[in-house]
Amino acid sequence: MLTEVTATRYITPLREGGSLPGLVEADDLGTYVLKFTGAGQGRRTLVAEVISGELARRLGLRVPRLAVLDLDPDIGRAEPDEEVQALLRASPGANLGMDYLPGSLGFDPLAYAVTPREAGRVVWFDALVNNVDRSWRNPNMLVWHGDLWLIDHGATLTWQHSWPAVGTAAARPYDASDHALAPCRPDLGAAAEELAPLVTAELLAEVVALVPDVWLAGDDEQADPAALRDRHAELLLARAAVVSGAITVGEPTPVRPPAPPGWLTAPAPRRAGEAR
């Protein structure tokens, strides 16, 4: 089981993520990034956070400690933002807490060197869980005390959003061309040799057991949490056996600057008497 803690103080919203996570203090005296069950992405993103995050940890990658964080919406009653208040009201009870890493910096490839071995391990893992959100646009990695840490795995396990179409997910290709660590010459062969044997049925059963039943069921009261755990474990086990051959690293997508805002491209209004 994940550690269970209770939020005691809502500190501030974190506006860097689309789900508007918040920073809270808990009764274990820890500070956590709170990810809400009531966020627009739904509870399946929390399922992905737990399974992928705890699997990464067991494969030797650095991931902030996760906890089930019990929330009383009243702790944020002084927060003036109406959107935050709506999230709090929609998320009573068990939410996800991610250990806050004070003083950490967002990953910058120009400031932090990653070895081919470490890059290969991260890319191989991301391919395993089909992480579509660790690109150069949004690395979702932090540097803390000189080490690389992986965060934000809500966009992994994408197959859980369409179980009827899951048949080919185990062999689904993974294009790592835009991966944040692609320029680091990831050693994928060494990563596969090291990590693939570690992904066993026993390990996966241990990981999926950490997800609270209520998150697995989501909004479907008829869902069987045990069956969903088995499906996740079976798919990841099958994918671990073949994913090494499904990874491609090509040329990254060219940088396309955003279009200028309308006010900049619109013709300036003429003043009275000005020549046409």
Side-chain angles (χ1 to χ4, degrees), residues 1-5 7 17-22 24 32-59 61 63-71 87 90-99 125-134 138 140 150-170 172 174 199-240 243:
M1 293 290 293
L2 293 178
T3 302
E4 297 184 7
V5 296
S19 60
L20 199 64
V24 300
Y32 293 87
V33 175
L34 168 65
K35 300 210 167 185
F36 294 97
T37 56
Q41 292 89 338
R43 295 176 181 175
R44 287 191 180 94
T45 60
L46 304 188
V47 173
E49 290 276 10
V50 173
I51 294 177
S52 294
E54 291 301 322
L55 178 57
R57 189 191 317 283
R58 285 157 176 78
L59 294 179
L61 301 170
V63 180
R65 181 173 63 97
L66 302 179
V68 176
L69 203 157
D70 187 67
L71 175 69
L87 267 176
S91 308
N95 292 265
L96 180 68
M98 178 185 294
D99 204 13
F125 162 74
D126 281 338
L128 173 65
V129 297
N130 199 42
N131 189 357
V132 298
D133 197 21
R134 194 158 0 250
N138 186 33
N140 280 328
L150 310 183
I151 61 170
D152 291 349
H153 294 102
T156 63
L157 312 186
T158 51
W159 46 76
Q160 68 173 325
H161 299 284
S162 182
W163 283 117
V166 79
T168 60
R172 185 173 297 167
Y174 185 79
V199 184
T200 63
E202 293 75 19
L203 177 71
L204 292 169
E206 175 186 329
V207 168
V208 298
L210 297 172
V211 184
D213 285 359
V214 66
W215 295 352
L216 281 161
D219 297 325
D220 182 1
E221 295 181 357
Q222 304 304 314
D224 181 353
L228 290 173
R229 286 191 179 91
D230 289 344
R231 296 188 80 173
H232 277 295
E234 290 166 2
L235 199 154
L236 285 167
L237 185 63
R239 187 162 174 80
V243 71

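Numbers for residues simply follow the sequence, beginning at 1.
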Exercise. Does some side-chain heavy atom of N131 sit less than 4.5 Å from a side-chain heavy atom of S52?
Worked result: no

Exercise. Under 4.0 Å between a Lys/Arg side-chain N and an Asp/Glu carboxylate O for E54 and R57?
Worked result: yes

Problem set entry | Nearest-0.5 Å distance that lies between atom CG in L237 and atom NE2 in H232 | 14.5 Å

Exercise. Does W163 use its side chain to pair, donor to acceptor, with the backbone of L228 at less than 3.5 Å?
Worked result: no

For this session: Examine distances only and state if a side-chain atom of R239 and a backbone atom of A169 form a donor-acceptor pair shorter than 3.5 Å.
Result: yes

Exercise. So, do Y32 and L96 sit near enough that their side-chain heavy atoms are less than 4.5 Å apart?
Worked result: no

Exercise. Between L216 and V208, is any pair of side-chain heavy atoms under 4.5 Å apart?
Worked result: no

Problem set entry | R65 side chain reached by T3 side chain, heavy atoms, under 4.5 Å | yes

Problem set entry | Contacts of F36 that satisfy ring pair (Phe, Tyr, Trp, His ring centres under 6.0 Å) - sequence neighbours left out | none

Exercise. Distance-only, no hydrogens or angles: does the R229 side chain make a donor-acceptor pair with backbone N or O of V211 under 3.5 Å?
Worked result: yes

Problem set entry | Shortest non-hydrogen contact from L69 toward A7 | CD2-CB, 3.1 Å

Exercise. Do the side chains of L61 and L55 get nearer than 4.5 Å, heavy atoms only?
Worked result: no

Exercise. What closest approach, in Å, do L59 and V199 show between heavy atoms, and which atom pair accounts for it?
Worked result: CD2-CG2, 4.1 Å

For this session: Just do the side-chain contact (heavy atoms from CB on, under 4.5 Å) check on L236 and L157 with the steps written out, would you?
Result: CA-CA 9 Å; L236 285 167; L157 312 186; 4.2 Å; yes

Problem set entry | Atom pair CG (L2) and CG (L210), whose distance is rounded to the nearest 0.5 Å | 5.0 Å

Problem set entry | CD1-CG distance between I51 and L46, expressed to the nearest 0.5 angstrom | 11.5 Å

Exercise. Which pair of heavy atoms, one from G53 and one from V63, lies closest together, and at what distance?
Worked result: O-CG2, 3.7 Å

For this session: Would you check if the side chain of N130 reaches a backbone N or O of L128 as a donor-acceptor pair within less than 3.5 Å?
Result: no

Problem set entry | A48 to G154 - nearest heavy-atom pair and separation | CB-O, 3.9 Å

Exercise. Closest approach of V132 and A155, non-hydrogen atoms and distance?
Worked result: CG2-O, 3.5 Å

For this session: Could you tell me whether D152 and R134 make a salt bridge, using a distance below 4.0 angstrom between a side-chain N and a carboxylate O?
Result: no

Problem set entry | Heavy-atom closest contact (A67 atom, V5 atom, distance) | CB-CG2, 4.3 Å

Problem set entry | Pairwise distance NZ(K35) to OG(S91) - rounded to 0.5 angstrom | 13.5 Å

Exercise. Between the main-chain N or O of D133 and the side-chain N or O of N140, is there a donor-acceptor pair closer than 3.5 Å?
Worked result: yes

Exercise. Once you round to the nearest 0.5 Å, how far does NE2 of H153 lie from OG1 of T45?
Worked result: 13.0 Å

Seminar exercise, completed: Rounded to the nearest 0.5 angstrom, the NE2-CZ distance for H161 and R44 is 7.0 Å

